[in-house]
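Only one structure is covered here, and it is reproduced in the block below.
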Amino acid sequence: MFKKRVGVEAIRKEDFSAFEVMLTDPDVVYDLAHPFTLQQAQTWIRNELKRYTQTGLGMRAVRLPGYASPLSKMPIGLAGICYEDFYGTALPVLRVMLRSEFQHMGYATEAAVYTLAMAFKTNGFSVIYAFVGVNNEPFKRLVTRVGMKRYRFVQMKEHGEMRGYIIYRIKRYEFPQARERAYKYLDENKMSDDAQTARRIINIVKSQLAADAMQHGRPLLPFLADEINASARAQKRQNSKAAAKKQQNARSNAKNPPAAKNTQKKQQAEKSAQKKQPAEKSAQKKQQAKKAEKSPAGKAE
């Protein structure tokens, strides 16, 4: 049975830096005409928090809670149900966005399944939709994988441009079987066996976030700051142990200088050699006596 790895929970203020980096990546905001600028990303995140407060719906942080802290605190993406205006009607729409480093590892599918399950159970929706750009092949595969079916094609004006979208939808009674199929797909493709890869990628992303914070003069994310401080404390302890050992060696050398130590070693070696000599001589005599007894001349006598 597939082992779940993803958790979806409320966005925290300390997540902002991670999401700002994500939303400026063209591989993440695929359906937009262009990636967000840093200022647009900040505005978008704040609007999402307001939207969640007002409607109870909105984007939430995708995390990997199965990994040891502080890695479990790092957001790898966003997923949620948002209301979208469709010719005067507010439709509940599924959205999923992951950092490009965590795409094609099954996390988006898990996040989508989790989000749909919570929406049907908690919010009581009878149907949920997805708006997919006509050229967004990865998102088409994702919504199909979680059981959504093509509903209709529309054209919508965004940022002064007309853009084509395919609308997918899934009904509440269709979801249980769709969820089982999605988990079966993940299990058959061994998506649960990539923990080592995920840890390696997480370390890369942490380095990217730290570099980005320094570049833009922003404070480090709390979990990064905690980890860096812990690493600094461990290094300090290691340095103090090395210094203590060095001092101990220095004191030992002061009591017994290296020349004296070498002299002592030579004397000990000479004494042991002298002790071995009598034993070796007696052993040689015994061997000679045995040979003499075995020789023909000895027998004749």
Side-chain angles (χ1 to χ4, degrees), residues 1-9 22-23 25-32 57-66 75-84 86 91-123 125-154 163-195 197-198 201-202:
M1 186 64 185
F2 180 75
K3 185 179 179 181
K4 299 174 187 177
R5 306 161 295 170
V6 164
V8 183
E9 58 186 35
M22 187 181 79
L23 293 170
D25 185 348
D27 291 331
V28 176
V29 288
Y30 195 89
D31 276 341
L32 299 181
L57 298 177
M59 301 297 277
R60 297 166 72 86
V62 179
R63 308 184 198 276
L64 301 175
I76 66 166
L78 290 160
I81 304 293
C82 306
Y83 281 123
E84 293 284 352
F86 183 67
L91 299 180
V93 173
L94 171 70
R95 284 184 181 175
V96 181
M97 290 187 285
L98 291 188
R99 283 190 65 114
S100 55
E101 295 92 344
F102 293 92
Q103 294 174 7
H104 312 296
M105 298 174 71
Y107 295 127
T109 301
E110 279 192 67
V113 170
Y114 182 95
T115 302
L116 290 171
M118 293 303 296
F120 284 127
K121 181 179 179 180
T122 307
N123 302 104
F125 293 119
S126 59
V127 59
I128 295 174
Y129 300 85
F131 286 53
V132 186
V134 289
N135 296 320
N136 193 342
E137 297 300 327
F139 198 33
K140 286 179 188 177
R141 291 193 294 271
L142 171 63
V143 296
T144 303
R145 195 175 299 134
V146 298
M148 288 188 152
K149 298 174 183 176
R150 181 169 175 150
Y151 175 50
R152 59 183 298 180
F153 171 81
V154 295
R163 298 174 63 82
Y165 286 89
I166 301 170
I167 301 179
Y168 289 78
R169 69 179 183 181
I170 183 171
K171 296 180 180 179
R172 185 207 299 268
Y173 71 86
E174 298 172 329
F175 177 68
Q177 289 185 348
R179 174 171 51 191
E180 293 304 316
R181 287 196 297 270
Y183 284 146
K184 185 178 179 181
Y185 165 83
L186 293 171
D187 196 36
E188 288 176 349
N189 286 274
K190 301 188 182 302
M191 293 294 185
S192 59
D193 297 335
D194 60 0
T197 304
I201 293 174
I202 284 172

Is the shortest side-chain heavy-atom distance between [X] and [Y] below 4.5 Å?
X	Y	value
R169	L91	no
I81	F125	yes
F131	F86	yes
I128	M148	yes
F153	V134	yes
E110	V62	no
Y107	I76	yes
T109	L186	yes

_Donor-acceptor contact present, side-chain N136 to main-chain V132, <3.5 Å_ =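 Absent.
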Spatial distance of atom [atom1] ([X]) from atom [atom2] ([Y]) [nearest 0.5 Å]:
X	Y	atom1	atom2	value
L116	E174	CG	CD	11.5 Å
Y151	I167	OH	CD1	7.5 Å
F175	R172	CZ	CZ	11.0 Å
F120	K171	CZ	NZ	11.0 Å
H104	L98	NE2	CG	10.0 Å
L142	Y168	CG	OH	11.0 Å

Ignoring hydrogens, what is the shortest heavy-atom contact between [X] and [Y]? Give both atom names and the distance.
X	Y	value
A61	P75	CB-CB, 4.4 Å
C82	G58	SG-CA, 3.9 Å
V96	A112	CG2-CB, 4.0 Å
R5	P65	O-CD, 3.3 Å
M59	G80	SD-N, 3.9 Å

*Do E84 and R95 meet the salt-bridge criterion of a basic N to acidic O distance under 4.0 Å?*
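Looking at E84 together with R95, the answer is yes, because their closest N to O distance falls below 4.0 Å.
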